[in-house]
Amino acid sequence: MRSGFVTIMGRPNVGKSTLLNSILERKLAITSNKAQTTRNIIEGIYNDDDSQIIFIDTPGIHKPINKLGNILNSKSYNSKENVDLILFLVDIEKGIGKGDMFILEKLKNQDVPVILIMNKVDRIKKETLLPAINKCKELMDFKEIIPISALKNDNVETLLKTIKKYLTNEERIFDVDKVTNISTNFYASEIIREKVLRLTEEEVPHSVTCLIETLKEQKDKVIIQALIIVDRESLKKIIIGHQGSMLKEIGTKAREDLEEYFGKKVYLELFVKTVKNWREKETLIRELGLDDINF
Ligand SMILES: Nc1nc2c(ncn2[C@@H]2O[C@H](COP(=O)(O)OP(=O)(O)OP(=O)(O)O)[C@@H](O)[C@H]2O)c(=O)[nH]1
Ligand SMILES: [Mg+2]
């Protein structure tokens, strides 16, 4: 029996959360084609007969342009403390760029072993793979270089097998029925945020926050009231859409996912609210008696 903590790091949008979901064979972390989808450290626990691996999905590391960006980056950097292994993900289609190199420099000066994962191999021509791997060998002393497609679940089994070699604990750390550190309320709010990110166009930035006001789980149904908070009146308009059409679609798509998660009928009511600034947002969250988990 082997167990341990493994952090998944990399630039935004390289597929970290997709990989976590693929390994766990369930949707735990939300994903979208927009950068900075993940804002919190999300732990997902993988169990099989001879191992337990606690995966830590982190926000993509990027050049911060605001307070939120700084917070996200520090959450990610801190995730490499006390882990057995770092999975450094890159997007093989885009290639290794300045942003990846910036993170690499930080990974060089520490003791935790690093595996380079070249994700999105489904997007490249086969014959370009080997030269790409050879080029990466020069960048750093990676313990291994593994090409995968997180989306198509390609080579993920091999990756798992490799990870197991680096686990240092000899007993399970958590009960086998524990899957994650995130709460039901947080998951529900994330699903709504995912639909906002996926359904709206580029003009909706990542300042969108979703909060659960009430979540009542009953025997045969779940009743949820949630708040979508934005910092501009124009964004509110986009999210509501023509005659409420966008908000309706966000609600329908979120409800479908939540029904699958709860395994019962979900009644979901969404409200959109504009706040003038960061401070007003924090006050509103406090008034509602909610955690600041989405920041
Ligand atoms: N074609 C292809 N697309 C992928 C693959 N893995 C992830 N994607 C897509 O890449 C986009 C970003 O994926 P995420 O998992 O949200 O990326 P992330 O690294 O968690 O991003 P942040 O949370 O913003 O740091 C999504 O649209 C995914 O569907 C892959 O193996 N192949
Ligand atoms: Mg993510």
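Both counts, for ligands and for their atoms, begin at 1 and track the order of listing. Just so it is clear, the values below take in all heavy atoms, side chains as well, and ignore hydrogens, waters and symmetry mates.
Looking only at heavy atoms of the protein, atom 6 (N) of ligand 1 is closest to Asn119 ND2, 3.2 Å. Counting only heavy atoms of the protein, atom 9 (C) of ligand 1 lies nearest to Lys120 NZ, 4.0 Å.
Note that the NZ atom of Lys120 and the CE atom of Met118 stand 13.5 Å from one another [nearest 0.5 Å].
Side-chain contact between Phe88 and Ile117 is absent, with no heavy-atom pair separated by less than 4.5 Å.
The Mg ion (ligand 2) has an N, O or S atom of Ser17 inside 2.8 Å of it. At a cut-off of 2.8 Å, Thr31 is not counted among the residues with an N, O or S atom near the Mg ion (ligand 2).
Residue Ser149 has at least one heavy-atom neighbour below 4.0 Å for each of these atoms of ligand 1: 30 (C), 31 (O), 32 (N). In summary, the atoms of ligand 1 found under 4.0 Å from a heavy atom of Gln36, numbered by their order in the structure, are 24 (O). Listed by atom number, the atoms of ligand 1 under 4.0 Å from Thr37 heavy atoms are 22 (P), 23 (O), 24 (O). Set against the non-hydrogen atoms of Asn33, the atoms of ligand 1 under 4.0 Å away are 27 (O). Close approach of ligand 1 to Thr18 (heavy-atom distance below 4.0 Å) involves ligand atoms 6 (N), 7 (C), 13 (O), 14 (P), 15 (O), 28 (C). Below 4.0 Å from some heavy atom of Arg123 lie the following atoms of ligand 1, by number and element: 1 (N). For ligand 1, the atoms sitting less than 4.0 Å from at least one non-hydrogen atom of Gly60 are 25 (O), numbered in the order shown with element in parentheses.
Counting heavy atoms only, Ser32 comes closest to atom 11 (C) of ligand 1 of the residues Ser32, Ala150, Pro12.
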So Thr37 and Glu194, side chain to side chain contact (heavy atoms under 4.5 Å, CB included) or not? Walk me through it.
-> CA-CA 8 Å; Thr37 299; Glu194 178 185 76; over 6 Å; no
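Residues Leu258 and Leu270 fall within the same hydrophobic cluster, defined by Ile, Leu, Val, Met, Phe, Trp and Tyr side chains chained together at heavy-atom separations under 4.5 Å.
Residue-to-ligand polar distances keep Pro59 apart from ligand 1: every N/O pair is separated by 3.5 Å or more.
A salt bridge does not link Asp91 with Arg123: none of the charged nitrogens is closer than 4.0 Å to a carboxylate oxygen.
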